[in-house]
Visitor: 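A single structure is presented below for examination.
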Amino acid sequence: MMTSTVLRCCGVIFLTHLFFSRIVAKEFSTLDHIRTKVDDGTQQQTVEDMIFRTVGDRFSDFSVTVDSSFMPSGKEAFQLDTVDGKIVIRGTTGVAAAHGFNHYLKYYARCQVSWTVQQVNLPGVLPPVSPAVTIVTSNRYRYYQNVCTVSYSFVWWDWPRWERHLDWMALSGINLPLAFDGQEAIWQRVYLSLGFTQKDLDEHFGGPAFLAWARMGNIRGWGGPLPPSWHQNQLALQHRILTRMRNFGMIPVLPGFAGHVPAAITSLYPKAAVSRLQWGRFKDPYCCTYLLDPQDPLFSHIGGMFISEMIKEFNGTNHIYNADTFNEMRPKSSDPTYLTKSGAAVYAGMLAGDPQAIWLMQGWLFVSDRDFWQPAQTKALLQSVPQGKMIVLDLFGEVEPVYNTTNSFYGQPFIWCMLHNFGGNLGMYGTVHTVNQGSFLARKYLGSTMVGTGLTPEGIDQNYVMYELMNEVAWMPQPVQIMDNWVSDYAWSRYGVKNSNASLGWQILLRSVYDCEKGFKDHCDSVVVKRPQLHKTQRSWYKPEDVFSAWDHFVSASSDLGLVDSFRYDLVDITRQALQEWAYINYQDLMETYKTGDLNKFRDAAGIFQQTLTDMDRILATHQNFLLGRWIEDAKSLATNDQERSLYEFNARNQVTLWGPNGEIVDYANKQWSGLVADYYSERWALMISALTTALMEGKKFNQTAFQQDVFRQVEKPFTLANKTYPYYPTGDTLQVAKELHQQYRRRTW
């Protein structure tokens with residue numbers, strides 16, 4: 001029997017939805033064709049197959065029907081009921097039915113399926129649904145992915161990993177996912193047919209771990225060249241991904257042409273008008289991508305060729321395409337006329353290949369460079385496309401929304417998104433109350449053009465609780481009661497049983513580390529993962545003691561929940577977070593002893609600090625989701641020869657460390673993984689401590705500039721070129737290690 005606030009209100013969710021939809025939500029008939037084209041029967045079979053993969057033989061306890069006509073309003077909805085002992089699930093689409101199944105798992109069967117860990121221990125007799133429940137979403141679209149996610153998280157995935165993730169997407173109610181794999185194979189055909197050589201393309205495409213930024217024109221060639229086998233593998237993978245997405249009833253967003261072209265265009269087409277764009281601190285030959293002038297006839301020609309070839313290859317289209325021309329790069333001119341022509345050119349390229357095209361654009365550019373994108377410039381770009389022919393992702397809606405400073409994107413439909421994560425970093429972080437309320441405020445905004453919600457993290461496999469919340473909010477008519485019931489229900493479903501310590505631990509976390517309302521980005525700037533320096537201030541919006549108190553409760557719960565994998569994951573994560581807090585405390589002690597000039601005290605403090613890093617690596621080694629070895633071995637597994645293996649391993653190592661040939665974005669994609677902590681972060685600190693020791697002994701001032709050169713030469717670059725093998729499977733017992741570390745560190749605060 002459901003007891004949470006969400007469930008108690010389910011009986012009236014349908015009526016509440018109808019009331020809310022009357023007072024808000026502008027509809028766009030221009031988007032009516034952006035919907036699934038797959039018949040109900042195929043969607044139903046796809047959901048049934050997913051249920052079998054999820055619960056095995058217990059599949060027979062469920063009955064699924066996909067009926068696109070059962071909601072007269074045309075909204076997506078699901079219905080749950082119990083008939084003759086079976087759980088009956090009815091959905092307007094496969095996605096809706098899958099989300100209904102997930103709703104039952106979480107709130108009746110007390111199970112949870114998440115990205116990499118799951119708990120699906122169904123009770124012997126399934127709890128009945130009584131009375132029947134119907135839930136309707138106000139959000140036409142539930143979008144998923146950042147253009148960076150494919151590189152920070154998905155890059156090394158094979159089909160089994162993708163299949164599980166696609167199941168999670170359907171279970172989460174996502175119906176508008178980005179589908180970017182395999183596009184370089186299409187671009188290769190297009191460019192070769194235009195006269196470019198393979199060498200031209202090798203210098204244009206980024207390496208596997210850097211494709212996201214090569215696609216957006218931020219860089220060119222870094223990490224490459226792409227081997228022929230990569231194109232073949234990714235193209236075959238994309239076929240399977242698209243087929244499964246479509247069969248679930250999802251609407252895949254395909255790539256479009258943003259205007260960035262290979263450098264050889266200047267010699268191959270000497271009359272072509274081009275400019276160059278600069279991103280970050282990259283230098284030639286990896287920087288300054290060539291951008292076609294919007295009025296050059298090649299723009300729409302190339303755009304149309306790409307769209308046409310892609311539609312042919314992938315057996316059709318759902319008519320929605322993503323393109324980002326000026327991602328974190330300033331246009332050559334702030335003249336609104338130029339910006340209007342630029343937007344019109346991108347859309348014309350889409351129309352040349354698909355007369356029904358809709359342009360989906362990330363709104364990040366309006367956040368990352370507000371000085372450039374003033375009202376006149378923003379309006380010029382947004383209104384370069386007929387109203388309703390573009391959807392804008394309000395990418396960082398939970399921290400820096402744009403809709404409320406642009407009159408709802410000057411009339412263009414938008415999707416309110418939770419970005420949350422940068423670079424795939426692992427530090428605990430969330431803006432739980434803004435996420436809970438933000439999309440509802442956006443929908444109520446005067447003249448709102450909001451058409452959906454979205455998840456746009458740069459990387460996944462972190463902070464699971466925030467994504468579970470956002471996915472539920474997308475289907476609710478009003479914010480959930482987080483502290484009253486939601487967080488306790490979350491713990492219950494995640495671990496399969498009620499446990500007061502687990503519940504209290506999560507309550508503390510959601511009141512502290514997950515309740516950041518200061519506008520901070522989730523970019524882990526811990527002293528553990530940042531290049532060592534003398535003066536490091538670690539941002540904080542919570543008290544470390546809150547993390548330690550939550551840690552107490554998780555350790556106490558381990559005796560009852562220790563066999564549950566999702567709990568073991570969380571126990572590792574809270575222990576990692578606690579040690580991150582201790583690392584900063586110990587860092588401050590280390591720097592204080594350095595300032596006093598007492599060499600013996602400095603050495604003692606250095607030993608304590610380095611032991612904290614050793615302890616962090618030890619707890620991380622006990623769970624498969626915190627292993628550097630998985631990232632590297634998954635990369636190497638896609639290779640067909642030794643040369644490819646070396647290339648892929650270099651890509652994997654460089655992305656999470658230097659991010660560029662000379663540390664252009666050093667530590668941006670930092671990860672607290674076993675192996676990386678021991679052999680990269682700890683080694684950098686060992687060198688730092690050695691340099692500080694020498695400075696104290698010789699009575700000299702520490703030279704930060706010289707140290708950065710030394711650490712790059714002696715630790716960072718050698719790590720990216722190394723080929724040491726790291727464990728693919730965990731070592732040590734999570735419960736034992738966590739309890740030992742808890743006893744050791746908590747003693748200092750009791």
Side-chain angles (χ1 to χ4, degrees), residues 152 280-281 420-429 458-459 462-463 513 516 518 520-542 544 547 573 576-592 594-595 605-606 608-617 620 626 628 631 653-692 702-720:
Y152 283 135
R281 295 186 288 121
H420 180 263
N421 181 271
F422 292 83
N425 306 153
L426 299 184
M428 286 185 172
Y429 165 84
E458 288 191 352
Q462 40 71 34
N463 293 294
V513 70
C516 177
K518 295 186 178 181
F520 293 150
K521 297 179 180 179
D522 172 28
H523 206 117
C524 183
D525 69 337
S526 165
V527 295
V528 174
V529 297
K530 289 297 185 179
R531 184 182 273 172
Q533 55 181 284
L534 280 180
H535 309 289
K536 178 74 179 73
T537 300
Q538 191 166 292
R539 292 194 307 264
S540 184
W541 55 95
Y542 57 93
V547 173
D573 201 31
R576 176 207 55 74
Q577 186 72 24
L579 293 178
Q580 176 179 299
E581 306 301 335
W582 271 109
Y584 185 56
I585 294 170
N586 294 337
Y587 163 80
Q588 291 175 303
D589 291 343
L590 180 66
M591 292 302 107
E592 282 300 316
Y594 174 74
K595 290 177 184 177
I608 293 171
F609 177 80
Q610 288 182 296
Q611 184 60 48
T612 305
L613 301 186
T614 299
D615 291 337
M616 180 180 285
D617 195 85
L620 295 171
F626 295 91
L628 172 65
W631 175 252
R653 286 170 173 265
N654 185 272
Q655 189 208 82
V656 298
T657 55
L658 285 175
W659 214 122
N662 298 298
E664 282 76 0
I665 318 178
V666 63
D667 298 327
Y668 183 89
N670 65 75
K671 305 289 190 298
Q672 290 177 27
W673 286 339
S674 176
L676 197 58
V677 172
D679 287 358
Y680 185 73
Y681 301 130
S682 292
E683 289 300 311
R684 293 200 303 192
W685 272 107
L687 188 64
M688 174 72 163
I689 290 168
S690 176
L692 292 176
F702 173 71
N703 188 325
Q704 182 72 42
T705 301
F707 170 74
Q708 289 186 179
Q709 295 171 350
D710 290 342
V711 77
F712 174 80
R713 185 178 64 255
Q714 297 180 40
V715 179
E716 295 170 341
K717 188 172 182 179
F719 180 86
T720 67

Visitor: Applying ring-ring contact (aromatic ring centres under 6.0 Å, His included) between F719 and each of Y681, Y680, F712, report the one that passes.
Guide: Y680
Visitor: Sub-3.5 Å donor-acceptor pair from the side chain of D617 to the main-chain atoms of G675, do we have one?
Guide: yes
Visitor: Check whether N670 reaches the backbone of V529 with its side chain - one donor and one acceptor, N or O, closer than 3.5 Å.
Guide: no
Visitor: Does the side chain of N425 come within less than 4.5 Å of Q462's, by heavy atoms?
Guide: no
Visitor: Just how far is it from atom CZ of R653 to atom CG of L676, taken to the nearest 0.5 Å?
Guide: 9.5 Å
Visitor: I need the minimum non-hydrogen distance between E664 and R281, along with the two atoms involved.
Guide: O-NH2, 2.8 Å
Visitor: Determine, using ring centers only, whether Y587 and W685 are less than 6.0 Å apart.
Guide: yes
Visitor: Indicate yes or no: at least one non-hydrogen side-chain atom of E683 is less than 4.5 angstrom from one of Q714.
Guide: no
Visitor: Between L692 and M591, does a side-chain contact (heavy atoms from CB on, under 4.5 Å) hold up when you go through it step by step?
Guide: CA-CA 10 Å; L692 292 176; M591 292 302 107; 3.9 Å; yes
Visitor: Name the orientation class of the two ring planes belonging to Y429 and W541 (parallel below 30°, tilted from 30 to 60°, perpendicular beyond 60°).
Guide: perpendicular
Visitor: Check whether D667 reaches the backbone of R531 with its side chain - one donor and one acceptor, N or O, closer than 3.5 Å.
Guide: yes
Visitor: Provide the closest heavy-atom pair for Q580 versus C524 in the form atom of the first, atom of the second, distance.
Guide: OE1-SG, 3.7 Å
Visitor: Quick one: ring-ring contact (aromatic ring centres under 6.0 Å, His included) partners of Y668, sequence neighbours excluded?
Guide: H523
Visitor: Taking all non-hydrogen atoms of both residues into account, name the closest pair between Y152 and Q655 and its distance.
Guide: CD2-OE1, 3.4 Å
Visitor: Could you list the residues that satisfy salt bridge (charged side-chain N to carboxylate O under 4.0 Å, His left out) with K595, not counting sequence neighbours?
Guide: E592
Visitor: Just how far is it from atom CG of L658 to atom CD1 of I665, taken to the nearest 0.5 Å?
Guide: 11.0 Å
Visitor: Taking atom types as modelled and ignoring hydrogens, do the side chains of D615 and Q611 form a donor-acceptor contact shorter than 3.5 angstrom?
Guide: yes
Visitor: State, to 0.1 Å, how close V666 and E716 come at their nearest heavy-atom pair, and which atoms those are.
Guide: CG2-OE2, 4.3 Å
Visitor: Determine whether a donor-acceptor pair (N or O, by modelled atom type, separation under 3.5 Å) exists between the side chain of E581 and the backbone of P544.
Guide: no
Visitor: If every non-hydrogen atom of V528 is compared with every non-hydrogen atom of A583, which pair is closest and at what distance?
Guide: CG2-CB, 3.5 Å
Visitor: Drop me the distance from L590's CG to I608's CD1, to the nearest 0.5 angstrom.
Guide: 9.5 Å
Visitor: How would you list, by chain and number, every residue that makes a ring-ring contact (aromatic ring centres under 6.0 Å, His included) with F626, sequence neighbours excluded?
Guide: Y569
Visitor: Which heavy atom in Q672 sits nearest to a heavy atom in S526, and how many Å separate them?
Guide: NE2-CB, 4.4 Å
Visitor: CG/D679 to OG1/T657 distance, rounded to the nearest 0.5 angstrom?
Guide: 12.5 Å
Visitor: Measure the shortest side-chain to side-chain distance between M688 and F702 over non-hydrogen atoms and say whether it is less than 4.5 angstrom.
Guide: yes
Visitor: Does any part of the side chain of L620, heavy atoms only, come nearer than 4.5 Å to the side chain of V677, both counted from C-beta?
Guide: yes
Visitor: More than 12 heavy atoms of other residues, nucleotides or ligands under 6.0 Å from NZ of K536: is that the case?
Guide: yes
Visitor: Ignoring hydrogens and geometry, is there a side-chain-to-backbone donor-acceptor pair from K671 to G423 under 3.5 Å?
Guide: yes
Visitor: To the nearest 0.5 Å, how far apart are OG1 in T612 and CH2 in W582?
Guide: 8.5 Å
Visitor: When rounded to the nearest 0.5 angstrom, what is the spacing between CZ in F609 and OG1 in T614?
Guide: 10.5 Å
Visitor: For side-chain contact (heavy atoms from CB on, under 4.5 Å), just list the numbers for R576 and M428, CA-CA rounded to whole Å, side-chain angles, deciding distance to a tenth of an Å, and then say yes or no.
Guide: CA-CA 10 Å; R576 176 207 55 74; M428 286 185 172; 3.8 Å; yes
